[in-house]
Each structure stands twice: as structure tokens, then as C-alpha cells.
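These numbers come from a predicted model, not from an experiment. Numbering of ligands and ligand atoms starts at 1, following listing order. These values consider heavy atoms only, across backbone and side chains, with no hydrogens, waters or symmetry-generated copies.
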Amino acid sequence: MKNMLEVQIGQLTLRNPLILASGTAGFGSEMETLFGLKNVGAIVTKTITIEPRIGNHPPRVCETPCGMLNSIGLANPGLITFKNDTIPELKKLDTRIIVSVGGENEDDYCEIINELRSVSHISAFELNLSCPNVVKGGINLGKIPKIVQDLVYKLKSITDKPLWSKLSPQTSDILSLSLASQAGGAEAVVIANTIPGMAINIWTREPMLGGITGGLSGAAIHPVAVALIYTLRNKLEIPIVGSGGITNPEDAIELILAGAHAVQLGSGNFIDSLLPIKMIEFMKEYLKKCEYNSIKEIVGKIKLKT
Ligand SMILES: Cc1cc2nc3c(=O)[nH]c(=O)nc-3n(C[C@H](O)[C@H](O)[C@H](O)COP(=O)(O)O)c2cc1C
């Protein structure tokens with residue numbers, strides 16, 4: 001029987017458009033026990049850096065109205081432990097594995113991808129471009145189109161695996177950054193990462209997060225993601241992967257109607273660990289009810305008044 005949820009993101013075929021977002025699903029093993037990763041199109045690993053990182057001081061997360069702030073500080077085991085210990089475990093998972101890569105400069109990204117490029121069960125690399133660039137004075141690597149284009153281009157010469165460019169929503173020009181990713185050879189743009197935010201406990205006068213500022217995610221940022229994706233709709237040759245504030249199955253459809261070919265579920269996982277299963281069921285029901293044959297048919301199909 002035809003799989004109505006199958007999607008194509010560049011070279012990559014996903015069994016359905018639901019992807020677990022970086023940093024919210026660890027390295028997959030916990031999720032496997034909760035609902036079975038065979039039910040999702042892919043999982044993106046926690047961002048990997050060359051050196052291990054213990055991350056920021058706690059508290060690392062706090063709840064906000066309709067969302068959450070996190071300041072994890074890219075805690076991860078580092079490239080070598082990831083390669084030796086985690087990669088063999090990832091092979092056991094029945095889903096596509098996308099490795100999120102982070103770094104402080106171009107060389108970091110090159111080194112990580114060079115080290116991992118021959119691992120057959122890695123389906124793609126997602127470039128976390130919200131990392132501060134030490135060479136450029138701490139400005140996020142992903143803020144300047146020329147830097148993004150050159151970085152993706154250079155990485156493309158190292159690997160044949162698909163590269164996805166994950167952008168920050170904190171930009172006045174998401175289109176230029178997406179076009180730069182495309183020009184560099186990215187096979188998809190991921191729109192978008194968390195929005196910078198902060199919360200203060202007024203009684204202690206202390207910041208709620210050990211890292212002081214953090215990234216806002218969850219329902220609060222969903223309309224931002226919808227608008228960013230809509231801005232890019234019909235303007236790119238490469239697909240958009242939507243990320244931002246999916247907390248119920250309808251939200252995923254909304255991102256797809258705005259122009260996303262696939263979606264990433266992040267903090268919604270923390271509210272309802274069975275959300276992935278509910279989302280997949282809802283997608284099938286929605287297509288049936290609206291008389292579509294496949295999820296691809298509704299990509300960007302927002303109905304605009306003429
Ligand atoms: C606790 C936490 C950790 C995260 N860690 C990463 C990370 O390591 N790399 C990354 O690219 N994004 C990271 N993100 C961002 C998510 O992948 C996602 O893009 C963002 O949270 C927006 O989606 P959401 O509103 O569905 O959570 C993290 C988000 C959360 C909540």
C-alpha cells in the first residue's frame with residue numbers, strides 16, 4: 001500500500017515528515033522505549049562539538065508562559081566519545097539518523113564532518129548555525145549570508161551526505177540566509193532554532209537560568225515559525241524543515257501549509273511523550289478528511305484571499 005506520509009528532503013526519503021528535534025530527544029534510546037522510533041521519519045541528535053562540553057550552570061531550563069527557556073550550553077560528550085560510544089548505539093535505531101554539528105569556527109565543522117562522513121548509518125548532517133563564532137567576535141555563524149554560504153560550500157566538498165542548514169529566527173533577513181544556504185549546497189533549511197529570551201525571579205532578583213539568557217521554545221514561538229516559513233514559501237528550490245512550537249498535531253499541519261516539507265518536534269516532547277504517535281495518526285486522518293492522497297500535496301497550500 002502507498003505510504004501517504006512519505007516525504008523527500010533532497011536525497012533523503014523519510015517514511016513520514018515527523019522528525020525529533022536536536023537536543024530534545026537525546027541520542028534516541030529514551031524515545032525508543034517511549035514510543036518506538038520506527039514511527040518517526042528521523043531523529044536529530046544533540047549537537048556535537050569537537051571537545052566534550054559539560055554545559056552551563058543549572059538551572060538549565062525554566063517554564064515560561066506557553067513555552068520554556070533553556071540554557072543547556074551545548075552539553076555533549078564530544079566528537080570522539082560520540083563516535084566510539086554513541087554511533088554504534090544509533091545503528092540499532094529503526095529511523096533515519098541526522099547528526100547535529102556545532103562549532104566555534106569553520107574548521108570545527110570541517111573536522112567533525114570529516115571524522116563522521118564515512119559512518120554509513122548517518123543519513124545527513126544538520127548544521128547548528130546558532131553557535132557563537134569566536135573568530136568573528138562571537139557573532140553567530142549563521143547571521144551573515146556570506147559566512148553561511150562559504151561554510152556550507154566548504155563542508156559540501158568534504159561529504160556527499162546531505163547538509164541541512166538550521167537557522168536562527170533572530171534575523172531580519174531569513175530569506176538571504178536561506179538562499180545563501182542553498183547556494184552553498186544545503187539540501188534543506190531548518191526554520192528555525194529557539195529565540196533568545198530571559199526570565200528573572202523577582203523575589204530573589206536572580207535570573208531563572210544559570211546561563212542567564214537562554215532559548216525560548218514551545219507554543220510561544222509557533223506563530224514566529226509559521227511566519228518565517230511562510231516568508232520562504234515558493235522562494236527556495238530546496239525544502240524547508242519547520243521547527244518551532246509544535247505542541248499538538250494541528251501545529252504540524254499548520255507549518256506544512258505554511259510551506260514546510262517536514263517538521264521537527266522539540267519541547268512538545270516534554271509535555272506529551274506520545275505526541276509523535278498522535279501527530280502521525282492525525283496527519284493520516286487530516287489527509288483522509290480533506291481528501292488528499294499524500295502529505296506532499298498540502299505543502300505550502302495555505303489558501304490566500306485574492
Ligand atoms: C532543551 C533543549 C535543548 C536543545 N538543544 C539543541 C541543540 O543541541 N541543537 C540545536 O540545534 N537545537 C537545540 N534545541 C532547539 C530545538 O531543536 C528546536 O529547534 C527548538 O526548541 C524549537 O522547537 P520547539 O519549539 O518544538 O521546541 C534545543 C531545544 C531545547 C528545548
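Salt-bridge formation is detected for the pair Lys92/Glu89: a Lys NZ or Arg NE/NH1/NH2 atom is positioned less than 4.0 Å from an Asp or Glu carboxylate oxygen. With respect to Lys161 and Glu187, no salt bridge is recorded, no charged nitrogen being found less than 4.0 Å from a carboxylate O. Using a cutoff of 4.0 Å between basic side-chain nitrogens and carboxylate oxygens, Lys154 and Asp150 are not scored as salt-bridged.
Of the protein's non-hydrogen atoms, the one nearest atom 21 (O) of ligand 1 is Ser217 CB, 3.3 Å. In terms of protein heavy-atom proximity, atom 14 (N) of ligand 1 is nearest to Ser22 O, 3.2 Å. Looking from atom 3 (C) of ligand 1 to the surrounding protein, the closest heavy atom is Gly23 O, 3.4 Å. Protein heavy atom in closest approach to atom 20 (C) of ligand 1: Thr194 CG2, 3.6 Å.
At least one heavy atom of Ile221 lies less than 4.0 angstrom from ligand 1. Heavy-atom separations between Gly245 and ligand 1 include at least one value shorter than 4.0 Å.
Contact annotation for Ser130 and ligand 1: no heavy atom of the residue comes within less than 4.0 Å of the ligand. Of all the heavy atoms of Lys166, the ones lying under 4.0 Å from any atom of ligand 1 belong exclusively to the side chain. At a heavy-atom cutoff of 4.0 Å, ligand 1 is contacted by both the backbone and the side chain of Thr47. Proximity of Thr24 to ligand 1, defined as any heavy-atom pair under 4.0 Å, is confined to the side chain (atoms from C-beta onward).
Using a 4.0 Å cut-off to heavy atoms of Asn128, the atoms of ligand 1 that qualify are 9 (N), 10 (C), 11 (O). Set against the non-hydrogen atoms of Ala192, the atoms of ligand 1 under 4.0 Å away are 19 (O). Interface atoms of ligand 1 facing Asn193, defined by a heavy-atom separation under 4.0 Å, are 10 (C), 11 (O), 12 (N), 15 (C), 19 (O). Atoms of ligand 1 lying under 4.0 Å from at least one heavy atom of Ala21, given by number and element, are 17 (O). Taking every non-hydrogen atom of Asn70 and a distance limit under 4.0 Å, the qualifying atoms of ligand 1 come out as 1 (C), 2 (C), 3 (C), 29 (C), 30 (C), 31 (C).
In this structure, Ile191 CD1 and Thr231 OG1 are separated by 9.5 Å, a value rounded to the nearest 0.5 Å. Annotation: the span from Ile221 atom CD1 to Leu216 atom CG amounts to 6.0 Å, rounded to 0.5 Å. Distance check: Leu177 CG to Lys143 NZ gives 9.5 Å after rounding to the nearest 0.5 Å.
The N/O atoms of Lys46, backbone and side chain alike, include one that comes under 3.5 Å of an N/O atom in ligand 1. Between Gly218 and ligand 1, at least one N/O pair is under 3.5 Å apart. Below 3.5 Å of separation, one finds an N or O of Ser267 facing an N or O of ligand 1.
At a cut-off of 3.5 Å, with distance as the only test, no side-chain donor of Asn128 or Ser100 sits close to an acceptor on the other residue. Under the 3.5 Å distance criterion, with hydrogens and angles disregarded, a donor-acceptor pair is assigned to the side chains of Glu254 and His222.
When Ser243, Ala75, Gly266 are ranked by how near their heavy atoms come to atom 22 (C) of ligand 1, first place goes to Ser243.
Between Ser168 and Leu129 the shortest side-chain heavy-atom distance does not fall below 4.5 Å. The side-chain heavy atoms of Ile98 and Ile43, taken from C-beta on, include no pair separated by under 4.5 Å.
Side chain of Asn39 to main chain of Gly36: a donor-acceptor pair is present (N/O by atom type, distance under 3.5 Å, no hydrogens or angles).
In this pair, Phe27 and Phe82 present their aromatic rings tilted. The plane angle is within the 30 to 60° band.
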